[in-house]
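For reference, the structure is listed below as structure tokens.
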Amino acid sequence: MGLDKARAEARLDFAVSDVNGQNAQVLLEELNETLIGILGHNGTAHVCMDDFSRDGGFFLVGSDEGVPVCCAGVRLLSGRTGEVKRVFARSNHKGYGTALMAAVEARAAAIGYRRLVLECRESNTEAIGFYRRIGYAVCEKYPPYGDEKDAVCMEKPLLCGTERRKEAQPDGSGETAGRPG
């Protein structure tokens with residue numbers, strides 16, 4: 001684990017939030033403004049905020065000493081695949097985005113997701129690079145992005161608790177020396 005991620009994880013508290021709550025709304029407004037600056041639009045064309053409170057959906061807000069600093073939501077796409085949406089971490093805080101995505105992935109795996117997907121626009125090169133660094137790979141476009149030329153779809157498999165424990169040991173013994181699985 002990188003030093004920045006470790007520091008951010010030590011500082012951040014993550015909580016499932018109502019997407020319409022004040023903290024979520026403040027962060028989502030900042031996300032919209034950021035995306036307008038990068039893409040020329042706020043990226044909400046394929047977002048239904050109600051999806052975060054239905055069928056395996058959730059919305060996380062990360063706070064640093066009580067101040068909301070990052071957020072992301074997951075909605076059920078199909079089967080055991082969730083789609084990550086509305087990811088935002090305030091700038092100038094190394095490790096917030098990585099810690100946020102680790103929390104999203106851990107919660108998604110704990111509730112049964114085995115794969116996460118997400119979509120970025122080609123012009124959002126910083127986000128695409130970030131997702132690649134944390135293990136996401138470009139995948140086939142999924143609906144509704146199939147006909148959108150500038151859409152970049154990415155995926156990451158998630159490991160369930162048993163798989164994480166076995167992966168933690170080089171011999172595959174599953175012993176994790178006290179680490180939660």
Give the minimum heavy-atom separation between Ala24 and Val19, together with the two atoms involved. CB-O, 3.5 Å
For a 4.5 angstrom cut-off between non-hydrogen side-chain atoms, does Leu12 reach Leu100? no
With sequence neighbours excluded, what pairs up with Tyr113 under the ring pair (Phe, Tyr, Trp, His ring centres under 6.0 Å) test? none
How is the hydrophobic cluster of Tyr145 composed, in terms of its other members, when Ile, Leu, Val, Met, Phe, Trp and Tyr link through side-chain heavy atoms under 4.5 Å apart, directly or indirectly? Leu77, Val117, Tyr142
Contacts satisfying side-chain hydrogen bond (donor to acceptor under 3.5 Å, both in side chains) that involve residues 122-133 (not counting sequence neighbours) are none
Go through the structure and list residues passing side-chain hydrogen bond (donor to acceptor under 3.5 Å, both in side chains) with Asn42, not counting sequence neighbours. Thr44
Check whether Lys141 reaches the backbone of Glu119 with its side chain - one donor and one acceptor, N or O, closer than 3.5 Å. no
Restricting to pairs with a member in residues 48-62, which pass salt bridge (charged side-chain N to carboxylate O under 4.0 Å, His left out), not counting sequence neighbours? Asp50-Arg54, Asp51-Arg54, Asp51-Arg75
Taking salt bridge (charged side-chain N to carboxylate O under 4.0 Å, His left out) as the cut-off, I'd like each qualifying pair that reaches into residues 36-48, sequence neighbours left out, listed once. none
For His41, what residues pass the side-chain hydrogen bond (donor to acceptor under 3.5 Å, both in side chains) criterion, not counting sequence neighbours? none
Check whether any side-chain heavy atom of Thr81 sits under 4.5 Å from a side-chain heavy atom of Leu116, and report yes or no. no
Once salt bridge (Lys or Arg N to Asp or Glu O under 4.0 Å) is applied, do any residues pair with Asp150, and if so which ones, sequence neighbours excluded? Arg121
With sequence neighbours excluded, give me every side-chain hydrogen bond (donor to acceptor under 3.5 Å, both in side chains) pair touching residues 27-36. Glu30-Arg90, Asn32-Arg86
Where at least one partner belongs to residues 56-84, residue pairs that pass ring pair (Phe, Tyr, Trp, His ring centres under 6.0 Å), sequence neighbours excluded: Phe52-Phe59
Close side-chain approach of Pro157 and Arg115, heavy atoms under 4.5 Å: no
